[in-house]
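See below for the structure under consideration.
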Amino acid sequence: MDFDALTHDDPEVAELILAEHRRQRDTLDLIASENLCPRAVREVMASLLTDKYAEGYPGRRWYGGCEVVDEVERLAIARGKALFGCEHINVQPHSGSQANMAVYFAALEPGDTILSMNLAHGGHLTHGQESNFSGRLYRIVHYGVSPETERIDYDALARQAREVRPAMLVGGASSYPRAIDVARMADIAHDVGARLLIDMAHFAGLVVGGVHPDPVPVADFVTATTHKTLRGPRGGLVICKKEDARHIDHTVFPGIQGGPLMHVIAGKAVSFALAMAEEFRTYQQRVVANCRAMADEMALLGYRLVSGGTDTHLFLVDLRPMHLTGARVQAWLGSAGIVTNKNVIPFDDQPPSDPSGVRLGTPSLTSRGADEADVRQAARWIDRVLRASDPSAEAERLRPEVVDFCRSHPIPE
Ligand SMILES: *Cc1c(COP(=O)(O)O)cnc(C)c1O
């Protein structure tokens, strides 16, 4: 990594970036929402496009000098439309949360009812958490997973939708290990006159790779982050039909944002192009195959997985049978160099600060070239720590093996 100017002007921040570089280089990242974006995307984000104010949209800006960034955004839009096969895409949302905010503000009035996934069953903050804007502005009713299968029961959801009559049904989650039946969700929403938002923040890359059902043809609105499985810069996007295009655009700007981050939008354009390549399809297939293999190995080692497994890039381990909780497991694995996050599981009786689960995902590891044998090894490493009589000491012993693995599977430099 070279940043001579920064090293000269601010050695303190330069040293912190180098420390983060060493941390990423020498640890296994199993956080399902994280990935390693290619160097080209990082170069674009470090470019002078960050200097340009471009409030508005290509050809209709509030500032002069936008002729080049107009081309950047037009390119991102054209590539986004081709990649997702959609009628309209807005590439300006600064984050996934702002993409969801844009959809709610465009399609709903404050006080309207949103039917969304229970946060404890995998839903996101923006799906109605009480201190989030969504929970404060709308009437939130949650659906969850069935206690028996730990999967969404679509018949129960259809009955609930008929009772609740929401203005909007939201599908998509942050810690649900199963594919979402987007076609069924569309039937359920449209039967009760609700609009359907599919929040594919987590699984946008899987959709592009053809390993998750595609919500774009069936949903009224689709939102995504660009930094999770899509492996682009940190940001968000909204996809909708032609008839909602003006409304969505007007809600993003001037409704909820000012100047777009043109350096990030350029990064989105680059990552969309990379996502159109055949290698990206193969990558997504490998993410899912690796996740299945890792989940399978954990199950063979005796762990209980929520819903019994996974169809996606992530799975959830129920730690209750081991008499463990998420916070300790995250800390122990962290000292071995295996980075995870503690997570609530459905019907958890532990508090969110120390829940009964840990969430594991394969996007980042797969970006480093890990294969099924590697992820099975990672599962055995996790088991070695968790079953040790002294997990902290075992984590210390394991640490050099993890570093060896990391060195042979480098991050993009
Ligand atoms: C990650 C995520 C988001 C939003 O992400 P930001 O951190 O705001 O970019 C939205 N919805 C779901 C389901 C997510 O997992």
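Counting convention: from 1, in listed order, for ligands and their atoms alike. One is the number of the first residue; the rest follow in order along the sequence.
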Gly96 versus ligand 1: do any nitrogen or oxygen atoms come within less than 3.5 Å of each other?
yes
Is there at least one pair of N or O atoms, one from Thr126 and one from ligand 1, spaced under 3.5 Å apart?
no
Tell me whether Thr225 has any N or O atom under 3.5 angstrom from an N or O of ligand 1.
no
Nearest-neighbour protein heavy atom for atom 2 (C) of ligand 1, which is reported as residue plus atom name and distance
Lys228 NZ, 2.4 Å
Before signing off on this row, confirm whether His127 and ligand 1 have an N or O atom pair separated by under 3.5 Å.
no
By side chain to side chain donor-acceptor pair (under 3.5 Å), Glu20 pairs with (sequence neighbours left out) Arg23, Gln24
Can you find a protein heavy atom closer to atom 6 (P) of ligand 1 than 4.0 Å?
yes
Spell out, as yes or no, whether a donor-acceptor pair under 3.5 Å connects the side chain of His313 to the backbone of Val288.
no
Taking every non-hydrogen atom, the tightest pair across Cys37 and Gly232:
CB-O, 3.6 Å
Can you find a non-hydrogen atom of Ser33 under 4.0 Å from ligand 1?
no
For atom 11 (N) of ligand 1, which of Asp199, Leu125, Ile198, Asn100 has the closest heavy atom?
Asp199
For Arg234, state whether at least one heavy atom is located under 4.0 Å from any atom of ligand 1.
no
If we ignore hydrogens and angles and just use 3.5 Å, is the side chain of Glu55 paired with the main-chain N or O of Pro254 as donor and acceptor?
no
